[in-house]
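Here's the structure, in structure tokens; my notes come after.
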Amino acid sequence: MHIGVPREVVPGETRVALTPNEVRTLTAEGHRIVVEHGAGDRAGHPDNEYLDAGALSGDRADAFDADIVLQVHLAGAGDRASDADLDQDLKLTRRSAVLVGLANPLSHPEPVRRLAEHGLTTFSLDLLPRITRAQAMDVLSSQSSIVGYRAALIAAERVDKMLPMMTTAAGSLAPARVLVLGAGVAGLQSIATARRLGAVVHAYDIRAAAREQVESVGGTFVDLPLDTSSAEGSGGYAQAQQEEFFAQQREVLGNEVAAADVVIATAQVPGKPAPVLITEEMVRAMRPGSVIVDAAAAQGGNCAMSVADETIARFGVSIIAPTNLPAGAAAHASRLYARNIANFTRHLLDGDGPRLTATTRSSATPS
């Protein structure tokens, strides 16, 4: 099978869909791989590493002239991609091609509709079901782990306190208090990282089952007097609630937010805007010098005052709203993503997955 790996063009994206290690494995299995010049540069993988692994190097047209095109962001996917990029890549893509990557079709359906109109088969890995069979392909989990880790590090750097308890000749310093909102993969990694840095960590999630998970990584679960019986949807994801529930939640959560030196917000619902958990009034009640890291900013944010991809100060509180935290750890993020997408590609090609047949080969040549 002929596989193409284009360079990512979404602003700020540093990851690459395949690393040389995965290229080496796939070429050993008999697949022909063309990697666009410079595709791996920002993830620490120059062209010569791909050539040594058995790939061919070509231009963007060569990478898209493939049976299967592997990307981090499918062309035009997400709110940071451009229509011009989608138009250009559609011109380069053969109509029989299969595209695999992140498309976020529930929030941004128009680009996916255009891909379908072009006759392309698209697999959006952010819709992969959370089942045992798919764990090795679960890009949301692997990338969310990096989101949680990076969010905790950013918070530790920006808050005006040190996270661990410290005893010095000048006296003792109490540990900082961290509150994590949302105990999915990202939230749990934030809890574990903040705990390793020495903070006292509390965490809240509307799913009752999250208590055991929070405690397993060293956090203290925050109990709120709310009915959460319908909070967990299929696959372990949080289920969207009515606004009345979120209003009650914000009212009783205010004291926890006010007591925190750091709030890391990770609460998201697939295909829905992120719930607003931190209001302007709650920010106003926080201690000046405190920090909010809104890791849900790509879906609108958990903080009402967040501005996507900006750091702002309100009432003395720093509000940081990154939308692509994995890009800050491009080498490891790409390594995990590449393993996920390679496993998915094998599933497409083996006897358990859909039958894909090879078509015309690319004219790309080694360089």
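None of these values were measured; they are calculated from a predicted model. Computed from heavy atoms alone, side chains included, the values below leave out hydrogens, waters and symmetry copies. Sequence positions, counted from 1, serve as the residue numbers for this chain.
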Verdict with reasoning, Leu120 to Thr93, per side chain to side chain contact (heavy atoms under 4.5 Å, CB included) = CA-CA 9 Å; Leu120 301 173; Thr93 308; 3.6 Å; yes

Asn255 meets the side-chain hydrogen bond (donor to acceptor under 3.5 Å, both in side chains) criterion, sequence neighbours left out, with none

Tyr50 side chain near His45 side chain, heavy-atom distance below 4.5 Å | yes

Any His347 side-chain heavy atom under 4.5 Å of Leu349 side chain = no

Measure the CG-OG distance between Leu325 and Ser145 for me, rounded to the nearest 0.5 Å.
-> 12.5 Å

Atom pair OG (Ser142) and CE (Met137), whose distance is rounded to the nearest 0.5 Å = 13.0 Å

Side chains of Arg15 and Asn324: donor-acceptor distance under 3.5 Å anywhere?
-> yes

Do His332 and Pro326 touch side chain to side chain, with heavy atoms closer than 4.5 Å?
-> no

In plain terms, say whether Arg346 and Glu29 are close enough for a salt bridge, that is, a side-chain N and a carboxylate O under 4.0 Å apart.
-> yes

From Leu153 CG over to Arg158 CZ, what is the distance, rounded to the nearest 0.5 angstrom?
-> 14.0 Å

Walk me through it: do Ile68 and Met1 pass the test side chain to side chain contact (heavy atoms under 4.5 Å, CB included)?
-> CA-CA 8 Å; Ile68 304 176; Met1 190 64 67; 3.9 Å; yes

Donor-acceptor pairs under 3.5 Å, side chain of residues 287-305 to any protein atom, not counting sequence neighbours: which ones?
residue, atom, partner, partner atom, Å
Arg287, NE, Asp261, OD1, 3.3
Arg287, NH1, Asp160, OD1, 3.3
Arg287, NH1, Asp160, OD2, 3.1
Arg287, NH2, Asp160, OD1, 2.9
Arg287, NH2, Asp261, OD1, 3.2
Ser290, OG, Arg287, O, 2.7
Asp294, OD1, Ala296, N, 3.2
Asp294, OD1, Asn302, N, 3.1
Asp294, OD2, Asn302, N, 2.9
Asp294, OD2, Cys303, N, 3.0
Asp294, OD2, Ser306, OG, 2.7
Gln299, NE2, Val269, O, 3.2
Gln299, NE2, Lys272, O, 2.5
Asn302, OD1, Thr266, N, 3.4
Asn302, OD1, Ala267, N, 2.9
Asn302, ND2, Ala267, O, 2.8
Asn302, ND2, Pro275, O, 2.8

Residues Ile33, Val35; criterion side chain to side chain contact (heavy atoms under 4.5 Å, CB included); working and verdict = CA-CA 6 Å; Ile33 300 177; Val35 179; 4.0 Å; yes

Is there a donor-acceptor contact under 3.5 Å linking the side chains of Asn21 and Thr19?
-> no

Could you give the distance from CG (Leu56) to NE2 (His2), rounded to the nearest 0.5 Å?
-> 7.5 Å

Separation between CG of Leu140 and CG of Asp126, rounded to the nearest 0.5 Å | 6.0 Å

Please name all residues satisfying salt bridge (charged side-chain N to carboxylate O under 4.0 Å, His left out) with Arg114, sequence neighbours left out, ordered by chain then number.
-> Asp87

Taking atom CG of Leu51 and atom CG of Asp47, what is their separation to the nearest 0.5 Å?
-> 6.5 Å

Is Val69 close to Val100 at the side-chain level, that is, under 4.5 Å between some pair of heavy atoms?
-> no

Atom pairs and distances, donor-acceptor, side-chain atoms in residues 162-173, under 3.5 Å, two or more places apart:
residue, atom, partner, partner atom, Å
Thr168, OG1, Ala170, N, 3.1
Thr168, OG1, Gly171, N, 3.4
Thr168, OG1, Gly171, O, 2.9

How close do Asp205 and Ala183 get, heavy atom to heavy atom, and via which atoms?
-> OD2-N, 2.7 Å

Going through the checks in order, is the side chain to side chain contact (heavy atoms under 4.5 Å, CB included) test met by Leu179 and Ile264?
-> CA-CA 6 Å; Leu179 174 65; Ile264 301 174; over 6 Å; no

For Glu281, all residues meeting salt bridge (charged side-chain N to carboxylate O under 4.0 Å, His left out), sequence neighbours excluded | none

Is the closest side-chain heavy-atom distance between Val283 and Ile319 below 4.5 Å?
-> yes

From Leu253, Val180, Val257, residue fulfilling side-chain contact (heavy atoms from CB on, under 4.5 Å) relative to Tyr204 | Leu253

Results of ring-ring contact (aromatic ring centres under 6.0 Å, His included) for Tyr149 - residues two or more places apart only | none

Can you list the steps and then say if Asp41 with Arg7 is a salt bridge (Lys or Arg N to Asp or Glu O under 4.0 Å)?
-> CA-CA 9 Å; Asp41 285 352; Arg7 181 177 59 87; over 6 Å; no

Look at Arg94 together with Asp67 and state whether they make a salt bridge at an N to O cut-off of under 4.0 Å.
-> yes

By the rule that ILVMFWY residues connect when side-chain heavy atoms come within less than 4.5 angstrom, directly or transitively, which residues belong alongside Leu336?
-> Ile146

Pairing residues for Glu8 by the side-chain hydrogen bond (donor to acceptor under 3.5 Å, both in side chains) criterion, not counting sequence neighbours = none

Thr122 meets the side-chain hydrogen bond (donor to acceptor under 3.5 Å, both in side chains) criterion, sequence neighbours left out, with none

Gln71 and Phe64, any side-chain heavy atoms less than 4.5 Å apart = yes

Kindly write out the residues that satisfy side-chain hydrogen bond (donor to acceptor under 3.5 Å, both in side chains) with Arg60, not counting sequence neighbours, or none if the list is empty.
-> Glu36, Asp89

Closest heavy-atom pair and its distance - Pro175, Gly198 | CB-O, 3.6 Å

According to the side-chain hydrogen bond (donor to acceptor under 3.5 Å, both in side chains) rule, which pairs have a member within residues 173-186, sequence neighbours left out?
-> Arg177-Glu256

Taking the hydrophobic residues Ile, Leu, Val, Met, Phe, Trp and Tyr, and joining any pair whose side-chain heavy atoms are under 4.5 Å apart, which ones share a cluster with Leu106?
-> Leu127

May I ask you to test the Phe221-Gln213 pair for a side-chain heavy-atom distance under 4.5 Å?
-> no

Kindly indicate whether the side chain of Thr193, heavy atoms from C-beta on, has any atom under 4.5 Å from the side chain of Ile191.
-> no

